[in-house]
Amino acid sequence: MSANLTNTTDRQPNGWLPPFQQVIDVLQFRLDAVVGAMRDQPEAVATAAIDAPETTSDPELPGANVDNPPVLSEVMVRSVAPVTSMRQGMGLVVVTALIAGVLPFLFNWAIAARVGTALPLVQLAGTIDQPADATASPPWQAWEETLKSIAGLEPRLPGWLAAGLSALGVWINQPLTWLTYWLVYGLGILLVCKLLGATTTLQRFYAVTSYAYLPLLLTMLGPIPYLGPLAALVAIVWTFVLYVRIVQLLTGLNTGRAVLSVLLPGALGLLVALLAAGAFIISLVRMTM
Amino acid sequence: MLQPRNYPELIGKTLVLEAEPFVIMTEDDNPWVEGLFLTVSLGFVIGVAHLLGGLLMTATLPPAAAVQEAILQGWRQFSQNFGASVDPVATTNSLRWFWSLVTTVSGYGGGWFRLFTLVTTPFLLVIQWLITGLLIFVTARSLGGRGTLNQTLGATALMVAPHALALLTIIPFVSVSNLLMLTWSLLIVYRAAEVTHGLAWQRAIWVALAPIGLLIVIALLFGLLVSTGIFTGVAT
């Protein structure tokens, strides 16, 4: 076996980003351009198209069946390449998150540099520029003062550098968070879709749903007063509508089921969180009684 | 033998669930050795990233002693206002002890403790890989899989690929969600079972869920044992 990696996935689009025109098409809801001609194919055929090494008749690869040469349908499937690959989807999510975080990064750096400390300390203090809340109870005021005094302590590095490094860390966390949503929440949606009778595959699902994160670019306006929250609201609604439409096209589910599959994992997560919080509160109350 | 210079490409392709890395690991001359080398190498590099990231983070924060003083000052104010009936000296000492423990273990307070990460990170990754690999092999075989233990260990070693994201922790305050790494590893194990054992996707899902299922069973048993022990203790 060769120790070098060879390209056995040449029927998939290469590179880590989809073409810019596809991005524009998606934002204008021209989704056929990215979902491709494979959306109505059954699971087995789509899998064969995407996971060719497992179904290939290349005798060098495992899963190869030398006795059964490739049949016409397999050759036809190979010619219908997916429009977007999962690697392009992943690249798109990461790059979109990074771009969306540029302005907040600069804003955060400026805020933290003004105080001369690390950003999380500034965020922890929260009320750093505001007078202490007169209505707060004395014990709470004491902790507020403590947080302020910690935020006011000199870091070991120069203040602007500590602020910059910490703002950079917070910025880099953004693509990681978006990847978590894309992968974890996406898996939940895919499972619900499968339960509702969808026929798509894992890689295809992740590849195409990555486009739904594009409208979240608007969250870069977050630091701007009034406009920021409005832009965030528009971004969330746009993302939701786009996600539902993509799920609908990918899976062939009707609108109601597509909406259900997108909302259900979140609703279940919320329910579990509420139950856990309720159990925690009840335990605390019982302990104090 | 796979060259370490190919690891970034191998990890990249694994993360997007392409079949090629699993084929390469399965077809290697010595899959489990390849898997071990990959896991230890990646674990060590992540350990170095943790170490450097920890040092940088310590540098971006105020000195631990100054923060401790601020916390103690806050506590004194709090206990005065709250009128707490606790012994202030004992509480202050407890806070000092707790803060010293936290800063030593995290490395924030300095010292050599943070060097442990160079050993613990690869070690924990290897343990995680071996247990998962064995479980995947047993479950896959019982569901009709065709792969050998050696091949399974080679392919499941790729489950460490998402941990490569932890290299970003070299930047202070970057944290990678455990949920992300767990889910991604689960998807990779699913693909490993599918490719190595030639299983249908429905069966491969059950195989991939086996380690988590076992973990839940162990946690439930442990919880049962602990609660039984507590109740027995209360009864006697």
Side-chain angles (χ1 to χ4, degrees), chain A residues 1-9 12 16 43 47 51-54 60-63 85-90 117-121 137-139 141-143 145-147 149-150 153-157 161-163 165-166 168-170 172-173 176-177 179-180 183-184 187 201-203 206-207, chain B residues 1-3 6 9-10 12-13 15-24 26-29 53 56-63 66-67 70-71 73-82 147 151 165 168 171-177 179-180 182-184 186-187 190-191 194-196 198 201:
Chain A
M1 177 83 191
S2 166
N4 292 321
L5 291 174
T6 52
N7 188 11
T8 58
T9 54
Q12 289 203 34
W16 286 89
E43 174 76 22
T47 307
D51 306 335
E54 290 152 75
E60 291 296 314
L61 295 171
S85 65
M86 188 177 162
R87 77 161 72 179
Q88 287 179 322
M90 183 178 150
T117 192
L119 179 66
L121 288 182
S137 59
Q141 272 180 352
W143 286 117
E145 288 298 324
T146 307
L147 291 177
S149 60
I150 291 173
L153 291 171
E154 284 279 319
R156 290 184 178 90
L157 285 176
L161 187 57
L165 277 173
S166 56
L168 179 69
V170 172
I172 299 299
N173 275 332
L176 293 171
T177 309
L179 277 177
T180 308
L183 210 87
V184 181
L187 187 62
T201 62
L202 199 65
Q203 283 174 299
Y206 280 129
Chain B
M1 185 83 183
L2 199 62
Q3 297 299 315
N6 288 326
E9 195 183 349
L10 188 82
K13 288 186 171 182
L15 288 177
V16 292
L17 308 176
E18 288 178 12
E20 189 188 348
F22 301 98
V23 173
I24 287 173
T26 306
E27 288 288 288
D28 195 86
D29 303 334
L56 270 176
M57 186 148 100
T58 304
T60 58
L61 291 171
V67 176
I71 292 172
Q73 181 67 30
W75 167 251
R76 283 184 209 110
Q77 250 185 301
F78 175 79
S79 54
Q80 274 172 11
N81 290 324
F82 197 57
Q151 288 174 327
L165 292 174
L168 291 169
I171 303 166
F173 301 104
V174 168
S175 62
V176 187
S177 153
L179 185 64
L180 175 68
L182 177 74
T183 310
W184 220 327
L186 200 69
L187 293 172
Y190 157 75
R191 288 289 280 161
E194 206 182 19
V195 174
T196 312
W201 68 270

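Residue numbers start from 1 in every chain, and the chains themselves are labelled A, B, ... in the order their sequence lines are given, proteins ahead of strands.
- The candidate from A:T117, A:L161, A:L153 with the greatest count of non-hydrogen atom pairs under 4.5 Å with chain B is A:L153.
- In this structure, the portion of A:L121 lying under 4.5 Å from any heavy atom of chain B is its side chain and not its backbone.
- For A:E154 against B:P63, the heavy-atom pair with the smallest separation is O-CD, 3.5 Å.
- Looking only at heavy-atom pairs under 4.5 Å with chain A, the residue among B:I71, B:T58, B:L15, B:L165 that has the most is B:T58.
- Neither the backbone nor the side chain of B:F22 has a heavy atom closer than 4.5 Å to any heavy atom of chain A.
- Ranked by heavy-atom pairs shorter than 4.5 Å toward chain A, the options B:L186, B:I171, B:L182 are led by B:I171.
- The minimum heavy-atom distance between B:V174 and A:N173, with the atom names listed, is CA-OD1, 3.4 Å.
- The choice from A:A118, A:P120, A:A163, A:G89 that makes the most heavy-atom pairs within less than 4.5 Å of chain B is A:P120.
- With B:V176 as reference, A:L176 is the one residue of A:I172, A:T177, A:L179, A:L176 to meet the side-chain contact (heavy atoms from CB on, under 4.5 Å) rule.
- In this structure, A:Q203 contributes its side chain and B:V16 its backbone to a donor-acceptor pair below 3.5 Å.
- Using a 4.5 Å cut-off on side-chain heavy atoms (C-beta onward), A:M86 and B:E18 make no contact.
- When each of A:T146, A:L183, A:I150, A:L165 is checked for heavy-atom pairs under 4.5 Å with chain B, A:L183 comes out on top.
- A pairwise comparison of heavy atoms in B:A70 and A:S149 identifies CB-OG, 3.9 Å as the closest pair.
- For B:S175, the parts lying near chain A are the backbone and the side chain together; criterion is any non-hydrogen pair under 4.5 Å.
- Per-residue counts of heavy-atom pairs under 4.5 Å with chain B were compared for A:L157, A:V170, A:L187, A:L119; the largest is that of A:L157.
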